[in-house]
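Remember, predicted model here, so these are calculated numbers, not experimental data.
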Amino acid sequence: MKIDRLIGILSILLQRDKITASELAEKFEVSRRTIVRDIEDISKAGIPITASQGRNGGISIMDGFKLDRTLLSSEDMKAILTGLQGLDSVSESSRYRRLMEKLSAENAVNMESAGNSIIVDLSSWDKSMVSSKLEIIKSAIGSREKISFMYYSPERTEERIIEPYRLVFQWANWYAWGYCEKRKDYRMFKLTRMTGLHASGESFSPREIPVYSCDKLRHTKGEISVKVRFDSSVMWRLVDEFGAEYLSSAANGNESKDGSIILDFTWSDVPSFFSYIASFREAAEIIAPEEYRKEYSELLENMLKKYR
């Protein structure tokens, strides 16, 4: 769009003392004549632009014009480019990369050479697993169109139809957040568990949606209460998943001489709790309640029978 190009040109002029019309034409993929017309429009908006000919000529903002060139500082621009870089990592198109090039007078594609010390990659191990889904959901949010998909959950696999309102990246995964017709409430759906995702063709009227908030202590809220002993060899993982401060308060001094730690916490349901404990192999032991300890023991016995 022309307005995007005008903003991009102005952003470059704020960062560089001078640039040629040919350079701008190449950057924005338009003709030199189009750039000349854009410069005229910027001048009509009250920003005096000067153009000089010759070997060192080019386009620049007139000296002495009181326009705050620090409107976006170097650090501000790096922060914006970092965010765009993250979106580019999961985009099927090149629009975010083009936007980075438009906004930065430096080499915005190579973030390290541009002096940015932060690299953001939001893609999964297989980029194709979420990229196309992100595009479909983002388009449906914009057009207020319901989406339909088969969803694989620990309890069952079933079709869901939702009114999509947010795309959320948290807990190292992408989720769609919206109003679920089946549950008659707002739900989160992990994109990698979706199959057959498509826009249903049915539009919806926007609801007065609640403010979205990230449940940072998702491990500590649930329906079952348990006590588990963890070996000291997995302390790094407990700190990584629970946080050192929470770990210290939850342990409440229950640390043995061998370095193992006993934690009291809650979990959402028994099957997912067992899966979590199994991921620690022999480094985790359920202490209480006894019924979960017995049930987990029976589960392990049944698994062992398959390999005998």
Side-chain angles (χ1 to χ4, degrees), residues 122 124 130 149 151-158 160 162 165-194 209-304:
L122 303 180
S124 59
V130 297
F149 51 89
Y151 194 68
Y152 292 77
S153 68
E155 294 79 21
R156 64 185 68 85
T157 300
E158 60 185 356
R160 294 293 186 97
I162 71 168
Y165 289 102
R166 298 283 188 271
L167 274 169
V168 180
F169 183 83
Q170 66 179 41
W171 309 325
N173 287 287
W174 281 98
Y175 297 83
W177 183 82
Y179 187 84
C180 177
E181 289 190 348
K182 186 177 184 65
R183 301 301 183 210
K184 304 300 180 185
D185 198 1
Y186 295 93
R187 290 289 189 273
M188 288 268 282
F189 298 92
K190 195 173 184 179
L191 265 60
T192 52
R193 293 183 183 177
M194 295 179 177
I209 62 175
V211 176
Y212 174 81
S213 63
C214 171
D215 180 9
K216 294 181 180 179
L217 295 178
R218 65 191 186 285
H219 287 311
T220 66
K221 297 179 181 179
E223 298 174 352
I224 63 172
S225 298
V226 293
K227 183 188 292 287
V228 181
R229 184 197 309 276
F230 293 96
D231 188 79
S232 60
S233 63
V234 296
M235 192 63 66
W236 62 271
R237 181 174 166 186
L238 298 177
V239 171
D240 184 37
E241 297 182 355
F242 290 90
E245 292 183 2
Y246 171 76
L247 198 64
S248 177
S249 61
N252 196 25
N254 292 326
E255 189 171 345
S256 62
K257 294 180 180 180
D258 62 0
S260 62
I261 187 172
I262 298 175
L263 288 182
D264 293 294
F265 58 94
T266 58
W267 207 262
S268 59
D269 57 85
V270 174
S272 63
F273 169 64
F274 284 168
S275 295
Y276 179 69
I277 295 302
S279 68
F280 287 91
R281 301 173 67 179
E282 69 276 8
E285 177 188 359
I286 301 172
I287 298 177
E290 183 61 31
E291 60 180 295
Y292 295 156
R293 182 180 173 88
K294 182 179 179 181
E295 187 176 343
Y296 187 63
S297 175
E298 293 173 351
L299 174 64
L300 294 177
E301 286 289 343
N302 291 332
M303 291 173 60
L304 186 58

Asks: How long is the straight-line distance from OH of Tyr186 back to CD1 of Ile162, given to the nearest 0.5 Å?
Replies: 11.5 Å

Asks: With sequence neighbours left out, what residues match Phe230 under ring-ring contact (aromatic ring centres under 6.0 Å, His included)?
Replies: Phe280

Asks: For a 4.5 angstrom cut-off between non-hydrogen side-chain atoms, does Ile277 reach Trp267?
Replies: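 Counting from C-beta outward, Ile277 and Trp267 never come under 4.5 Å.
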
Asks: Could you pull out the closest heavy-atom pair between Leu191 and Tyr175, with the gap in Å?
Replies: CD1-C, 3.5 Å

Asks: Give the minimum heavy-atom separation between Ile286 and Tyr292, together with the two atoms involved.
Replies: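 So the minimum-distance heavy-atom pair works out to CD1-O, 4.2 Å.
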
Asks: Checking Ile287 now: which residues fulfil side chain to side chain contact (heavy atoms under 4.5 Å, CB included) with it, not counting sequence neighbours?
Replies: Lys227, Arg229, Ile262

Asks: Is any side-chain heavy atom of Lys184 less than 4.5 Å from a side-chain heavy atom of Tyr179?
Replies: yes

Asks: For Arg183, what residues pass the salt bridge (Lys or Arg N to Asp or Glu O under 4.0 Å) criterion, not counting sequence neighbours?
Replies: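 So Arg183 forms a salt bridge (Lys or Arg N to Asp or Glu O under 4.0 Å) with Glu158.
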
Asks: Please, which pairs that meet salt bridge (charged side-chain N to carboxylate O under 4.0 Å, His left out) have at least one residue in residues 290-302, sequence neighbours excluded?
Replies: Glu285-Arg293

Asks: Looking at residues at least two apart in the chain, or sitting in another chain, which of them share a side chain to side chain contact (heavy atoms under 4.5 Å, CB included) with Ser275?
Replies: none

Asks: Identify, with sequence neighbours excluded, every residue that meets ring-ring contact (aromatic ring centres under 6.0 Å, His included) alongside Phe274.
Replies: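 By the ring-ring contact (aromatic ring centres under 6.0 Å, His included) rule, Phe274 matches Tyr296.
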
Asks: Taking all heavy atoms of Gly178 and all of Tyr165, pick out the closest pair and write down the distance.
Replies: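 Heavy atoms only, the tightest pair is CA-CD1, 4.0 Å.
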
Asks: If the condition is side-chain hydrogen bond (donor to acceptor under 3.5 Å, both in side chains), which residues does Arg237 pass it with, not counting sequence neighbours?
Replies: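 side-chain hydrogen bond (donor to acceptor under 3.5 Å, both in side chains) list for Arg237, sorted by chain: Glu241, Ser279.
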
Asks: To check you understand the geometry: which heavy-atom pair defines the closest contact between Tyr151 and Met188, and what is its length?
Replies: OH-O, 4.4 Å

Asks: Once side-chain hydrogen bond (donor to acceptor under 3.5 Å, both in side chains) is applied, do any residues pair with Ser233, and if so which ones, sequence neighbours excluded?
Replies: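 With sequence neighbours excluded, Ser233 shows a side-chain hydrogen bond (donor to acceptor under 3.5 Å, both in side chains) to Asp231, given in chain and number order.
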
Asks: The criterion is side-chain hydrogen bond (donor to acceptor under 3.5 Å, both in side chains); which residues satisfy it with Asn302, sequence neighbours excluded?
Replies: none

Asks: Can you tell me how far apart CG (Leu238) and CZ (Phe265) are? Round to the nearest 0.5 Å.
Replies: 8.5 Å

